> 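Have a look at the structure that comes next, please.
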Amino acid sequence: MREFHEYNPIAVAVYYLCVTAVTMFTMNPIIIGISLVASILNYALYAKGGVKPHLFSLILFVILAAVNPLVNHNGMTVLFYLNDRPITAEAAIYGAVAAGMTVAALYWLRAFSKAMTSDKLLYLFGRLSPKLSLILSMAIRYVELLRVRWRKIQSSQRALGLYDDGNLIDAVRGRARVLSILITWALENGIITAETMDARGYGTGRRTSFKLYHIRMRDIAIIAVCAAAATIEIVGLNAAAIEWYPIIEMKLFEPVSIIGYTGFGILAILPVIINTKEAIRWRYLRSAS
Amino acid sequence: MAVFTLRKLSFSYPNSDHKALDKVNIAVDQGEFITLVGPTGSGKSTLLRLLKPELMQNDEMTGEILFHEKPINALDARESAAKIGYVAQHPEEQIVTDKVWHELAFTLENLGQKQAEIARRVAETAAYFGIAPWYRKRTSELSGGQKQLLNLAAVMVAEPEVLILDEPTAQLDPIEAARFVDTLYKLNRETGVTVIISEHRAEELLPLCDRMIVLDQGKVVCDDAPRVIAQKIDRNSPYLPYLTAAARVFIQSGSQGTCPLSVREGRQFFKQTAVSKETTISQAQAESTTAALELKDVFFRYEKDGADILNGLSMTVNEGEIFAVLGANGCGKSTAAAVMAGVRKPYSGKVKLFGKALREYKNGTLYQGNLSMLPQDVESVFLRATVREELKGCEAVIEKLPFDLSPLYDRHPYDLSGGERQLAALCKALKNQPRVLILDEPSKGLDPDSKERLGELLRALKADGMTIVLISHDIEFAAGCADRCALFFDGGIAACEDTADFMNGNRYYTTAVSRMTRGICRNIYTVDAAAVMIGGGRS
């Protein structure tokens, strides 16, 4: 089963870049609405249970939507007065759309961070520069190593009675000592690591960079779909004009913009479609055998 | 054809007046499996590093090193990286990248190989070494044995002609070490790669290797097939400890005939010579009944949802005894040590020191004169730039030591050899005059001499009334100094008996001699005892 996040990292990254960018650079309520629904569906593919993140989004949405009408009093349609200040429908609607945009973008980014593991990010960086990707890989390894070491030193110093959490000064001194050992140790290790790198031919000439991911036809297809959809968006959104203040004037349903909405709608639920299709196919294959 | 030819090779380090290597002549043939042994400081590492041009500036060298009849310095950098593989002692520090697959590809990336070629060789190598199941794992998740196997595989991926290994199994437990040596032997037989390995642990290597070279003070002392060398060495030779248990019993007992090397040959030898004598071991231990350290139904886990590392651990260490907890690496022994020392708190169960729960020792009194622990990585103990500053306040301890540490005073703790480092760290652990001392793998990576000295020190401390808990995977070391042994398995103690009963009761997890004598003669589990039984013993 090849779920969407298992596509080539480049395709996945391009996809998330497209949907997030389109969401963030428009205030078109139709697009925002599609994006919000699709991003929640898409996030649900990765989130295993739990309503906490959704609850957080809801609270965020309410706060963001409320802030605009409270501070912005433009608009002709007055709903009511609060402390002698008019609260207008225009500002309220604008606030809701802006809040929807923020929440949707947040959902896209959350899904992106779940889909892109450190491995995939490194692969992306490696495409840009093989050297950078090696340095990052080594850095990740070293951070892990140092974390383990930190704990080891702390417990061994404690068991020798050289470390006392009894009072603050002692605790600070103890930590400083642990840090000093950690650095000496790391430098000492650095020599051994540098030697093995030399022994294994590092710096003998041009390096290549081994890639674990292959680009397949469907990855190229995804990138093509993204590019096409993004182009349609730009054209379609230009056709739809929105005036917010003093009174909302929208020309949302020009023929070109409808094509734009459809294109974005398909793009936004693409991962859901792909995963559902794969799940059905998997079931079919299993029951057939 | 000779792969390496060393002619009159001498070498000394800058700022040092003695020669690290002194007129060494060695010819290494293609496909040979050579074991290099010798005491610490004999020049083993220097010799091996000189064979790998990237590691050693060889300006100070006289004589010559030829690789395939050509001077080694004439070798192109890429050729040298690919053709001469090198694996060092520390599994952890040799790993460069964060993922197993990247580590395997690293050498080939450096050599500028194409994607398709790297993919093929990495796949082949991963399959051959059995790495496939953890191919996509993080390198930090691997065990010590897996890390070292990965280091070997990452070198073999470049298809070297020669493999140079500097004490590669020193940090591994006996089971991991045996597996590593088996892999080397298989590589040597199936691919014809030449292997040159230095090692303290001869037990597994000697029966397999073609040639053994003994180095002492920079000179080649013996260079022959292991059996031939064993046949020549007498019982007073300083090189005796480098032979296998079977060979040592043979030599120490003054036997005649063909010298046995492996455990299997040792059994044959015992069958022929040992008259089924009943040997009773003098139970000379102090019959103390006061409990020094007591653990009762201790449960411990690192994370809330994690698995139990200690699973109802119960044990009692009596006052004035050396108590050994034995078990494989990664089974939770070190965690048990941390719980005993009060560094980690169990979520259920009791830990008592002299009848008082650990947490009732307030304001650091626990570590002031009651308990002390020496961790596995002694590097984590040192804080200062010289040994002298490090051991300040330990004068009382140093005075009582059966040997002299003063020559080391002006050196940096990290520059000491493994054995010296261990002793210096031990002094530090003894500073507060603890009544109970917990040692985590103190014999790891030590040469036979240092182990002997350490054992001597532990016995001396015990004679002074100290209680010692020895956490170790080194069965031979425990057999030599512990009063009681416990087998740690699955988060608890699976067996706990007097050392003699323990060694004789176990089939696999016991000393080499015990494996040889099992079913032939009873209660013999050390080389010395076996030699005495067979004839005369050490005179």
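Note that the coordinates shown come from a computational prediction; the quantities given were computed from them, not determined experimentally. Order of the sequence lines fixes the chain letters, A, B, ..., with proteins taken first and strands second; residue numbering starts at 1 for each chain. Side chains included, hydrogens not; waters and symmetry mates left out as well; all remaining heavy atoms used.
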> Ring centroid separation for A:Tyr7 and A:Tyr15, is it under 6.0 angstrom?
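A:Tyr7 vs A:Tyr15: aromatic centres not under 6.0 Å.
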
> Has the side chain of A:Asn8 got a donor or acceptor atom that lies under 3.5 Å from a matching backbone atom of A:His214?
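Judged by distance alone, yes, a pair lies under 3.5 Å.
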
> Using heavy-atom distances under 4.5 Å, tell me whether B:Ala429 contacts chain A through its side chain, its backbone, both, or neither.
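Both the backbone and the side chain of B:Ala429 come within 4.5 Å of chain A.
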
> Of the listed residues (A:Leu182, A:Ile191, A:Asn189, A:Asp198), which shares the most heavy-atom pairs with chain B below a 4.5 Å separation?
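Greatest number of close heavy-atom pairs with chain B: A:Asn189.
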
> Please identify, among B:Val87, B:Val343, B:Val122, B:Thr107, the residue contributing the most non-hydrogen atom pairs under 4.5 Å to chain A.
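Answer, by heavy-atom pair count under 4.5 Å with chain A: B:Thr107.
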
> Under 4.5 Å heavy-atom distance to chain B, tell me which part of A:Leu122 shows up: side chain, backbone, both or neither.
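Only the side chain of A:Leu122 comes within 4.5 Å of chain B.
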
> Hey, which of B:Phe106, B:Tyr86, B:Phe382 has the most heavy atom pairs under 4.5 Å with chain A?
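Top count of heavy-atom pairs under 4.5 Å with chain A: B:Phe106.
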
> Treating A:Asp219 as the side-chain partner and A:Ile10 as the backbone partner, does any N or O pair qualify as donor plus acceptor under 3.5 Å?
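Judged by distance alone, no pair lies under 3.5 Å.
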
> Donor-acceptor check, side chain of B:Gln89 to backbone of B:Ala170, threshold 3.5 angstrom: yes or no?
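Pair absent, no side-chain N/O of B:Gln89 close to backbone of B:Ala170.
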
> Kindly say whether A:Ala176 contributes a backbone atom to a donor-acceptor pair with the side chain of A:Ser180 at under 3.5 angstrom?
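Side chain of A:Ser180 to backbone of A:Ala176: no pair is present.
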
> Chain A heavy atoms under 4.5 Å from B:Arg384: which part of the residue, side chain, backbone, both or neither?
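When you check distances to chain A, no heavy atom of B:Arg384 falls under 4.5 Å.
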
> Non-hydrogen atoms of chain B under 4.5 Å away: do they reach the side chain of A:Ser137, the backbone, both or neither?
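Both parts, heavy atoms under 4.5 Å.
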
> Just so I understand: if I count every heavy-atom pair under 4.5 Å between each of B:Ile95, B:Leu371, B:Asp76, B:Val155 and chain A, which residue has the most?
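If we count pairs closer than 4.5 Å to chain A, B:Ile95 comes out on top.
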
> Looking at A:Tyr284, is A:Arg281 sitting on its ring face, NZ or CZ under 6.0 Å from the six-membered ring centre and within 45 degrees of the normal?
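No cation-pi geometry.
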
> For each of B:Arg78, B:His102, B:Met373, B:Lys52, tally heavy-atom pairs with chain A at distances under 4.5 Å, and name the one with the top tally.
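Most pairs with chain A among the choices: B:Arg78.
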
> If you measure from the Lys or Arg side-chain nitrogens to the Asp or Glu carboxylate oxygens, is any gap between B:Glu159 and B:Arg121 under 4.0 Å?
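Salt bridge present between B:Glu159 and B:Arg121.
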
> What option among A:Leu136, A:Val148, A:Leu134, A:Ile181 has the most heavy-atom pairs under 4.5 Å with chain B?
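The answer is A:Ile181.
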
> Any chance the side chains of A:Glu278 and A:Trp282 put a donor and an acceptor closer than 3.5 Å?
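Judged by distance alone, the side chains do not pair up.
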
> Run the salt-bridge test on B:Glu103 and A:Arg200 with the 4.0 Å N-O cut-off and return the result as yes or no.
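Looking at B:Glu103 and A:Arg200, the cut-off is met.
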
> Looking at chain A, which one of B:Arg136, B:Glu54, B:Glu93 has the largest number of heavy-atom pairs inside 4.5 Å, strictly under?
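Ranked by heavy-atom pairs under 4.5 Å with chain A, first place is B:Glu93.
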
> Identify which part of B:Ala119 has an atom lying under 4.5 Å from any heavy atom of chain A, answering side chain, backbone, both or neither.
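Both parts, backbone and side chain.
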
> Enumerate by number any residue of residues 138-147 of chain A whose heavy atoms lie under 4.5 Å from heavy atoms of chain B; in the absence of such residues, state 'none'.
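The residues closer than 4.5 Å to chain B, in numerical order, are A:Met138, A:Ile140, A:Arg141, A:Glu144, A:Leu145.
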
> Strictly by salt bridge (charged side-chain N to carboxylate O under 4.0 Å, His left out), give each pair with a member in residues 201-217 of chain A just once, sequence neighbours left out.
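Non-adjacent pairs meeting salt bridge (charged side-chain N to carboxylate O under 4.0 Å, His left out): A:Arg207-B:Glu109.
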
> Which one, B:Thr139, B:Thr97, B:Leu55, B:Asp98, leads in non-hydrogen pairs under 4.5 Å with chain A?
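Option with the top pair count is B:Asp98.
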
> Look only at the side chain of A:Glu6 and the backbone of A:Glu3, and say whether a donor-acceptor pair between them is shorter than 3.5 Å.
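Answer holds: yes.
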
> Check whether A:Thr208 reaches the backbone of B:Gln113 with its side chain - one donor and one acceptor, N or O, closer than 3.5 Å.
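Yes.
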
> Strictly by modelled atom types, are A:Ser57 and A:Tyr107 linked by a side-chain donor-acceptor pair under 3.5 Å?
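Yes, A:Tyr107 and A:Ser57 have a side-chain donor paired with an acceptor closer than 3.5 Å.
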
> Against chain A, label B:Glu92 side chain, backbone, both or neither, depending on which of its atoms sit under 4.5 Å from a heavy atom there.
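Both backbone and side chain.
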
